[in-house]
Each structure stands twice: as C-alpha cells, then as structure tokens.
Amino acid sequence: MSFSNIMDSNSYTGGLATDPGTEQLISARTRLLGPAYRLFYERPVHLVRGRGSHMFDADGVRYLDAYNNVVSVGHCHPNVVSAVTRQLETLNTHTRYLHEGIVDYSARLLGTFADSGADDIDQVMYACTGSEANDLALRVAQMYTGATGVIVTGDAYHGNTEAVTAISPSLGGDTTVGPHVRTVPAPDSYRTGTAVAAKFRADVQAAITDLQAAGHGVRCLIVDTIFSSDGIYPDPSVLGPAVEAVRAAGGVFIADEVQPGFGRTGDSMWGFSRHGVVPDLVTMGKPMANGLPVAAMAARSEVLEAFARGVPYFNTFGGNPVSMAAAAAVLDVIEDEQLIANAARVGATLQDELARITAGHPRIGDVRGCGLYVGVEVVTDPETALPNRAAAHDLVNAMRDRRVLISVCGSDGNVLKIRPPLVFSMADVDWLCTEFGAALAELP
C-alpha cells in the first residue's frame with residue numbers, strides 16, 4: 001500500500017496482538033470499508049464515550065485526549081448537546097427557506113472577524129467540511145483574479161476533494177500536486193532562525209515568478225496559519241511579507257483556519273490575526289460545531305462578488321438549522337467559559353513544562369507552539385537537527401499505552417502534535433507531562 005505522510009505517520013499497520021474482540025472489529029472494518037481508511041496507533045483504541053477532554057474505551061479505561069480539535073469545546077459539552085437536541089426536535093431543513101438561525105449565526109461569526117481587525121471580511125457561505133470550504137475558496141479566487149496558479153507549503157493539507165487534493169502534498173500516495181501548483185518550504189524557524197521571514201518571502205516570490213512564466217498567473221497563496229501539517233511553525237513574522245508579494249502579483253491570500261481558528265492559538269479567535277495580515281478569504285471547518293459537519297468560507301464581498309453573481313450556490317446540508325444551533329452553542333461556550341484565555345494560559349504552562357522535561361534530552365530538538373497547539377521536534381541529535389521519524393513514532397505509541405492520545409506531523413513525521421480540546425485543564429497538563437516524562441525516559 002502506498003505511503004501517505006499525513007495519514008500513515010501514525011497509522012495501524014497490523015501485526016501486533018490485541019484482544020479477540022478488537023481484532024474482529026478491525027477485520028470487519030477493513031472488509032466493509034476497504035483499505036483506504038486508516039486507524040491510529042500500533043494498537044488501535046476502541047472508544048465508546050467521551051466527556052470534556054477525556055474519553056473511555058470499551059473496557060471503561062479513561063484516556064486523555066490531547067489531539068482532538070473536532071470537539072473543540074470538549075466531548076459532549078452539555079450546552080452543545082442541548083442546543084442540537086432542541087433544534088432537532090423542532091426543524092431541520094436547508095438554506096432555500098428562511099430561517100433565523102443562519103442569519104443570527106452569520107452576524108456573530110462575521111463579528112469575530114471585525115473584532116480581529118478584519119472587518120472587510122463581511123460575507124459568509126456554508127458547506128459541510130473544510131475540504132468543501134477550501135474547494136469553494138479556490139473557485140472564488142479564480143473568478144476574482146482570472147488566474148489559476150496556487151502556492152502552498154511543502155507538506156500542506158487542505159482537504160480531499162479533487163481540487164484540494166491537488167494542493168495537498170502531504171497526502172502523498174498516488175495523489176499528485178497539480179501542474180498549476182507550486183510548493184514552497186514551510187517557514188522552519190527551528191532550523192532557519194531569524195532569517196525565516198525573509199526566506200519564506202523569497203521562496204514565495206520564486207514560486208510567483210515560476211507560475212507567471214508557465215502562464216498560470218497567481219490565483220492565491222493558501223496556508224494554514226500555524227502551518228499544522230508542515231510541523232507547527234507559530235512565528236508570526238512570516239506571513240506579512242509573503243502575502244504582500246502575492247497581492248503585488250494579482251493574487252489573493254486564503255487563510256485556512258480549520259485548525260488554528262476558533263481560539264486555538266490563545267491570542268484571538270483567528271490564527272491570521274497573530275501575523276498582522278487581513279485575508280481575502282477565510283476557510284473554517286472541524287471545530288465550528290463540536291463534531292457536527294459544519295464548514296464555512298468567509299470573504300471580502302469585493303472578492304466574492306464575481307463568483308456570487310455568476311454561480312448559483314447551494315449546499316443541501318451546509319448551514320442547516322441544526323448545524324447552526326450547534327455552531328452558535330460553540331460560540332456561546334467559547335465566550336462564556338473564556339476558552340481563548342484558557343488556551344493561552346493552559347497552553348503556556350503546557351509548553352513550559354514540556355520544555356522543562358525535554359531540556360538536554362538527546363532526542364528532542366525543539367518545543368514550540370501557540371496556545372493549545374504545541375509541537376515537539378524529535379531528532380537524531382540536537383546538534384545536527386536531523387528528523388527522527390522512528391523515535392517520534394515510538395513516543396506516540398508509548399503515550400497511547402499510557403492512555404494519553406497525541407499524534408505526529410511534519411514532512412518527516414517527526415514532530416509530536418499536541419492539540420487538545422480548548423477545555424484542557426491544568427490537571428490535564430499534569431497528567432500529560434507526567435506520562436510524557438516517563439515515556440521519554442524509556443526512549444532508546
């Protein structure tokens with residue numbers, strides 16, 4: 001089977017003995033779903049229940065969820081469950097009928113952009129997944145610019161429709177980056193240091209020149225604003241100069257906020273605001289409704305106008321009343337429980353503790369992040385900074401065996417990805433760091 005970096009750096013490959021019931025479930029899943037689907041960990045986890053930042057397996061064993069940003073305000077948050085239940089008992093339909101839910105939520109959502117200094121982002125369209133939102137953003141950008149060329153980072157992931165697979169090099173396998181796409185190295189501040197912003201701008205400018213020479217022009221630069229799949233690079237200096245170069249070439253900037261958005265970074269609602277740039281288009285997905293399939297593309301109306309006037313848009317489930325109720329409840333919880341401040345406070349403690357635990361360790365090169373998004377770079381040795389995929393894989397599975405769930409990212413699959421729900425607590429930090437210290441001590 002072909003290897004996909006984003007899918008297979010922490011995937012189950014079979015062979016390790018588990019209990020008969022788990023083996024039967026794995027076998028049935030493989031037979032019915034086919035080989036394209038993946039499971040996490042050398043020994044997959046059979047989860048049946050969740051609450052807050054904790055999950056429970058079929059034997060009642062409790063796990064610490066330090067990875068899941070889909071349920072951004074925690075598993076089974078009662079406010080979200082209640083809002084969804086009330087609306088599901090009342091009405092669920094599509095957006096070709098009038099309904100207050102989508103209007104009220106849209107006003108609140110767009111208000112968060114104004115609060116982040118992006119009041120030009122004034123219209124929004126809905127879909128079901130981040131992949132659909134990014135697909136839509138590409139279409140809008142092409143109609144606005146008249147160009148086809150796209151610039152992405154070298155291990156970007158933006159979804160799995162045909163259009164966004166072509167701009168998602170991290171998928172690997174038999175997928176290919178489109179001929180209209182140019183990749184640039186991620187802004188690796190760990191290895192590049194203070195020159196990272198200048199290097200990133202130069203790389204983007206080289207991609208612009210190449211796209212223009214090939215006759216594609218520049219449609220857009222699209223990045224996840226914390227460079228999640230590339231290895232988690234939070235340096236806020238890197239985007240401004242690159243975006244300036246793209247706009248000078250006639251392109252637009254698409255901020256993919258599926259992972260850093262909704263308070264994840266602890267600075268504000270949106271990851272792009274840390275960089276001091278205002279996007280032309282913003283896409284969002286997973287965290288919007290705490291597990292229900294909701295996604296959106298927000299836009300400057302000037303950029304959206306050509307598409308909106310020329311292409312009738314309809315998404316059967318995008319923006320339905322139940323999804324809007326869930327999304328509104330998520331905003332309520334973020335505000336009422338001050339989860340952005342929690343992400344900043346708890347995330348800072350988590351990062352500090354991980355840095356303390358790993359200081360001087362011969363396999364750890366860097367601890368970096370922002371808010372509740374932290375990466376730990378696993379290397380062969382800190383002096384050469386050579387990535388160590390095998391050691392990262394061993395740490396992830398050691399943590400799984402210690403009932404703490406994390407994963408990996410980066411082009412070499414060597415960066416531990418720690419991305420818990422926004423309700424992560426100081427007690428959860430203690431649990432994670434205690435187990436991580438023990439796992440690290442056992443690493444060869």
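All heavy atoms count here, side chains included; hydrogens, waters and symmetry mates do not. Quick caveat: nothing in here was measured; it's all calculated off a predicted structure.
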Residue set satisfying side-chain contact (heavy atoms from CB on, under 4.5 Å) with L33, at least two apart, ordered chain then number -> R29, Y37
Which atom names give the shortest non-hydrogen contact between P44 and L39, and what distance separates them?
CG-CD1, 3.9 Å
For the residue pair Y126 and Y105, categorise the inter-ring angle as parallel (less than 30°), tilted (30 to 60°) or perpendicular (more than 60°).
tilted
Is there a donor-acceptor pair under 3.5 Å between the side chain of E132 and the backbone N or O of C128?
yes
Are D57 and H46 close enough, and set up right, to give a side chain to side chain donor-acceptor pair (under 3.5 Å), and what steps lead you there?
CA-CA 5 Å; D57 70 11; H46 179 192; over 6 Å; no
Let me confirm one number: the CG-CG distance from L405 to L47, rounded to the nearest 0.5 Å.
6.5 Å
Side chains of N160 and T165: donor-acceptor distance under 3.5 Å anywhere?
no
Worked check of ring pair (Phe, Tyr, Trp, His ring centres under 6.0 Å) between F40 and Y67:
CA-CA 11 Å; F40 277 146; Y67 177 75; 5.3 Å; yes
Separation between CE of M125 and CG of L281, rounded to the nearest 0.5 Å:
10.5 Å
In residues 259-266, what donor-acceptor pairs under 3.5 Å come from side-chain atoms, sequence neighbours left out?
| unit_1 | atom_1 | unit_2 | atom_2 | d |
| --- | --- | --- | --- | --- |
| Q259 | OE1 | Y373 | OH | 2.6 |
| Q259 | OE1 | R419 | NH1 | 2.5 |
| R264 | NH1 | L372 | O | 2.6 |
| R264 | NH1 | P420 | O | 2.5 |
| R264 | NH2 | P420 | O | 2.9 |

Among V246, V164, I167, find the residue that satisfies the side-chain contact (heavy atoms from CB on, under 4.5 Å) test when tested with I222.
I167
For E302 and Y144, does a side-chain donor sit closer than 3.5 Å to a side-chain acceptor?
yes
Quick one, E244 with V277, criterion side chain to side chain contact (heavy atoms under 4.5 Å, CB included). Give me CA distance, side-chain angles, the key distance, then yes/no.
CA-CA 9 Å; E244 184 179 294; V277 296; over 6 Å; no
Verdict with reasoning, E377 to R363, per salt bridge (charged side-chain N to carboxylate O under 4.0 Å, His left out):
CA-CA 8 Å; E377 180 116 19; R363 293 290 178 267; over 6 Å; no
Could you walk me through whether V124 and M297 pass the side chain to side chain contact (heavy atoms under 4.5 Å, CB included) test, one step at a time?
CA-CA 6 Å; V124 59; M297 180 206 71; over 6 Å; no
Starting at CG of N388, measure out to CG of N414 and round the result to the nearest 0.5 Å.
7.5 Å
Can a side-chain donor-acceptor contact be found between S268 and S273 if the only test is distance below 3.5 angstrom?
yes
Note, Y63 side chain near V45 side chain (heavy atom, < 4.5 Å):
yes
List the residues meeting side-chain hydrogen bond (donor to acceptor under 3.5 Å, both in side chains) with S407, not counting sequence neighbours, and say none if there are none.
N10
Mind checking whether W270 and H275 have ring centres under 6.0 Å apart?
no
So ring-ring contact (aromatic ring centres under 6.0 Å, His included) across residues 375-425, not counting sequence neighbours, yields none
Taking salt bridge (Lys or Arg N to Asp or Glu O under 4.0 Å) as the definition, give me every residue that meets it alongside K286, ordered by chain and number, with sequence neighbours left out.
none
Considering all heavy atoms of both residues, which atom of S170 and which atom of S4 are nearest to each other, and what is their separation?
O-OG, 3.7 Å
Looking only at non-hydrogen atoms, find the nearest pair between E257 and G271 and report the distance.
OE1-N, 2.8 Å
By side-chain contact (heavy atoms from CB on, under 4.5 Å) - contacts of A344 (at least two apart):
none
State, without any angle test, whether D122 and S301 hold a side-chain donor-acceptor pair at a distance under 3.5 Å.
yes
Rounded to the nearest 0.5 Å, how far does CD of E42 lie from CG of N397?
4.0 Å
Applying side chain to side chain contact (heavy atoms under 4.5 Å, CB included), run through I418 and L354 and close with a yes or a no.
CA-CA 11 Å; I418 302 171; L354 288 171; 3.7 Å; yes
Qualifying residue for side-chain contact (heavy atoms from CB on, under 4.5 Å) with D230, from D188, V415, D155
D155
Would you say the side chains of T148 and Q142 form a donor-acceptor pair under 3.5 Å?
no
Kindly determine whether D120 and R300 satisfy salt bridge (charged side-chain N to carboxylate O under 4.0 Å, His left out), including the steps that lead there.
CA-CA 5 Å; D120 285 350; R300 293 197 296 117; 5.2 Å; no
Listed by chain and number, what are the side-chain hydrogen bond (donor to acceptor under 3.5 Å, both in side chains) partners of E353, not counting sequence neighbours?
R356
Verify, without hydrogens or angle tests, whether T283 (side chain) and A133 (backbone) share a donor-acceptor contact under 3.5 angstrom.
no
Restricting to salt bridge (Lys or Arg N to Asp or Glu O under 4.0 Å), what partner residues turn up for E337, sequence neighbours left out?
none
Under the criterion side chain to side chain contact (heavy atoms under 4.5 Å, CB included), I'd like the reasoning laid out for L331 against M269: C-alpha separation, chi angles, the key distance, then a yes or no.
CA-CA 10 Å; L331 289 186; M269 185 68 81; 4.1 Å; yes
Quick one: list whatever passes side-chain hydrogen bond (donor to acceptor under 3.5 Å, both in side chains) with S425, sequence neighbours left out.
D428
Nearest 0.5 Å please: distance from the CG atom of L432 over to the CD1 atom of I357.
8.0 Å
With sequence neighbours excluded, tell me which residues meet salt bridge (Lys or Arg N to Asp or Glu O under 4.0 Å) with D267.
R274
Between D8 and S11, do the side chains contain a donor N or O and an acceptor N or O under 3.5 Å apart?
yes
Worked verdict on R402 versus E442 for salt bridge (charged side-chain N to carboxylate O under 4.0 Å, His left out):
CA-CA 12 Å; R402 293 175 175 278; E442 295 174 357; 2.8 Å; yes
Salt bridge (Lys or Arg N to Asp or Glu O under 4.0 Å) involving R247 - partner list, sequence neighbours excluded:
D280
Write out all pairs satisfying salt bridge (charged side-chain N to carboxylate O under 4.0 Å, His left out) with one or both partners inside residues 380-401, taking only residues at least two apart or from two chains.
R43-D401
Under 6.0 Å from the OH atom of Y41, do we count more than 12 heavy atoms belonging to anything else shown?
yes
Distance col, row I226:CD1 vs S228:OG, nearest 0.5 angstrom, shows 6.0 Å
Tell me if the CD atom of E335 is crowded by more than 12 foreign heavy atoms within 6.0 Å.
yes
Is a side-chain donor-acceptor pair under 3.5 Å present for S323 with N320?
yes
Is there a donor-acceptor contact under 3.5 Å linking the side chains of D65 and H75?
yes
